[in-house]
Amino acid sequence: MGVTLSVSADAGRRRIEELLQENEERLLRRWLEIAGSSSSNGNTDRKALGEQLRELFQALRQSFDGAGDSSDLRGLLAELSRSRARQGFTPTETAIVVFGLKEAIYESIEADGSAEALRGFIWFSQLIDDLGLLTMENYAAAREKVIIDQAEQLLELSTPVVKLWEGIVAVPLVGTLDSARTQVVMEKLLQTLVDTGSEHAVIDITGVPAVDTQVAQHLLKTVVAARLMGAECVISGIRPQIAHTIVTLGIEFGDIVTKASLADALAHALRKSGVEFVSRKARVAVRTEEG
């Protein structure tokens with residue numbers, strides 16, 4: 001009985017392979033129709049998709065030959081998953097690209113009507129299901145990579161380091177300050193200090209909604225890192241609510257200079273740099289002390 005089943009399974013598989021070969025162009029057209037109609041965002045390039053499906057089809061047929069090496073097929077599916085994840089296709093739209101081949105070939109099996117073809121479809125269906133699962137695993141990994149990259153880009157954009165004056169840079173912070181963001185702030189600040197040769201840095205926390213012990217520790221780490229590079233830091237944006245919270249929590253900033261506003265911090269840094277402001281008849285003159 002087991003031998004009979006094995007022979008039947010082999011016969012079914014051979015019939016599927018024959019149907020794939022005999023109906024290649026018709027299957028590809030139907031597969032493209034199914035896969036192309038699954039997209040709802042208008043991102044589908046039917047010509048490019050058709051070329052991808054043809055490559056997949058050829059790799060699938062080659063995997064049936066000899067030792068059954070499917071590395072090329074798996075590689076093509078991985079690339080398909082990554083490209084569709086980057087292009088914004090949904091998991092369903094991506095899965096249908098693979099599973100659509102089952103629907104396309106079933107129409108040929110119905111037309112054939114043989115018992116071998118029906119038995120072979122069970123084997124072929126299981127094969128496509130496995131390939132579909134592999135595709136979704138690659139899609140999920142690629143999508144996660146896209147999200148991580150976007151999060152890193154947002155961190156970069158949300159932590160600019162700007163030059164305010166010769167020898168003075170500022171880091172205006174907006175939003176919550178956590179460990180990951182602190183690392184980005186520290187790296188960008190230190191690199192800017194090296195690039196500009198600045199000796200003064202202003203860390204403005206006006207846009208930080210709240211300062212707790214954790215945020216204070218992050219700020220202190222950044223200040224210490226800047227000091228190791230030979231730059232003195234001023235923390236600005238200490239609003240009344242934040243000042244009250246700092247006192248209540250017993251947070252100590254030690255000898256770090258703090259100011260209520262960015263303007264006050266800039267004025268302090270300018271004075272430390274040797275720049276003196278003199279007001280005469282509503283005009284402002286700037287004199288830099290030499291030596």
Side-chain angles (χ1 to χ4, degrees), residues 86 88 143-277 284 286 288:
R86 289 192 295 266
R143 194 62 186 162
E144 184 177 356
K145 180 66 167 55
V146 169
I147 293 173
I148 293 174
D149 290 343
Q150 290 175 342
E152 291 177 352
Q153 292 171 4
L154 287 174
L155 274 178
E156 290 285 337
L157 293 174
S158 65
T159 54
V161 180
V162 295
K163 184 177 180 180
L164 298 180
W165 197 274
E166 189 64 36
I168 303 174
V169 298
V171 185
L173 298 177
V174 178
T176 305
L177 191 64
D178 56 17
S179 299
R181 194 174 178 202
T182 300
Q183 185 66 26
V184 174
V185 171
M186 194 179 301
E187 291 176 357
K188 293 191 68 175
L189 176 58
L190 297 183
Q191 187 60 49
T192 304
L193 291 175
V194 172
D195 295 341
T196 62
S198 300
E199 296 181 352
H200 299 276
V202 178
I203 302 176
D204 184 69
I205 62 172
T206 303
V208 177
V211 174
D212 55 17
T213 304
Q214 186 179 21
V215 172
Q217 291 297 324
H218 293 321
L219 289 173
L220 291 176
K221 289 180 181 178
T222 304
V223 171
V224 171
R227 283 182 171 179
L228 291 174
M229 298 295 296
E232 288 299 320
C233 286
V234 180
I235 298 178
S236 64
I238 307 293
R239 302 188 302 277
Q241 306 93 308
I242 291 180
H244 181 269
T245 302
I246 291 174
V247 171
T248 302
L249 294 176
I251 299 172
E252 295 289 343
F253 281 104
D255 60 345
I256 300 173
V257 178
T258 59
K259 296 294 181 181
S261 67
L262 179 58
D264 293 337
L266 177 58
H268 172 81
L270 287 171
R271 285 194 297 269
K272 297 291 288 185
S273 299
V275 178
E276 182 181 352
F277 290 85
V284 177
V286 180
T288 303

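All values below were derived from every heavy atom in this structure, side-chain atoms included, with hydrogens, water molecules and symmetry-related copies excluded. Bear in mind the structure is a predicted one, so any value in this text is a computation, not a measurement.
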Could you check whether any side-chain heavy atom of [X] comes within less than 4.5 Å of a side-chain heavy atom of [Y], counting everything from C-beta outward?
{"X": "H200", "Y": "V234", "value": "no"}
{"X": "V223", "Y": "F253", "value": "no"}
{"X": "T245", "Y": "D212", "value": "no"}
{"X": "L173", "Y": "L219", "value": "yes"}
{"X": "L266", "Y": "V202", "value": "no"}

Mind checking what makes salt bridge (charged side-chain N to carboxylate O under 4.0 Å, His left out) contact with [X], not counting sequence neighbours?
{"X": "K221", "result": "none"}
{"X": "K272", "result": "none"}
{"X": "E144", "result": "none"}

If you round to the nearest 0.5 Å, how far is [atom2] of [Y] from [atom1] of [X]?
{"X": "K145", "Y": "I147", "atom1": "NZ", "atom2": "CD1", "result": "12.0 Å"}
{"X": "E187", "Y": "T222", "atom1": "CD", "atom2": "OG1", "result": "11.0 Å"}
{"X": "T213", "Y": "I251", "atom1": "OG1", "atom2": "CD1", "result": "4.5 Å"}
{"X": "L270", "Y": "L164", "atom1": "CG", "atom2": "CG", "result": "8.5 Å"}
{"X": "I205", "Y": "L262", "atom1": "CD1", "atom2": "CG", "result": "12.0 Å"}
{"X": "I238", "Y": "H244", "atom1": "CD1", "atom2": "NE2", "result": "14.5 Å"}

Problem - salt bridge (Lys or Arg N to Asp or Glu O under 4.0 Å) partners of residues 236-246, not counting sequence neighbours, each pair once - result: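 For residues 236-246: none.
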
Practice task
Scan for side-chain hydrogen bond (donor to acceptor under 3.5 Å, both in side chains) pairs involving residues 249-262, sequence neighbours excluded, and state none if there are none.
Solution key: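 Listed once each, the pairs are R227-D255, S261-D264.
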
Heavy-atom closest contact ([X] atom, [Y] atom, distance):
{"X": "P172", "Y": "A170", "value": "CD-O, 3.6 Å"}
{"X": "L189", "Y": "A226", "value": "CD2-CB, 4.2 Å"}
{"X": "D204", "Y": "G237", "value": "OD1-N, 3.8 Å"}
{"X": "A231", "Y": "L193", "value": "CB-CD1, 3.8 Å"}

Practice task
Begin with the C-alpha distance, continue with both residues' side-chain angles, and end with the deciding distance and a verdict on side chain to side chain contact (heavy atoms under 4.5 Å, CB included) for I256 and L220.
Solution key: CA-CA 9 Å; I256 300 173; L220 291 176; 3.3 Å; yes

Exercise for the section: Using the test side chain to side chain donor-acceptor pair (under 3.5 Å), find all partners of T196 that sit at least two apart in sequence or belong to another chain. Expected result: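 For T196 the side chain to side chain donor-acceptor pair (under 3.5 Å) partners, ignoring immediate neighbours, are S198.
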
Problem - Over 12 foreign heavy atoms within 6.0 Å of CD, E166 - result: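 For E166, atom CD is not crowded (no more than 12 foreign heavy atoms under 6.0 Å).
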
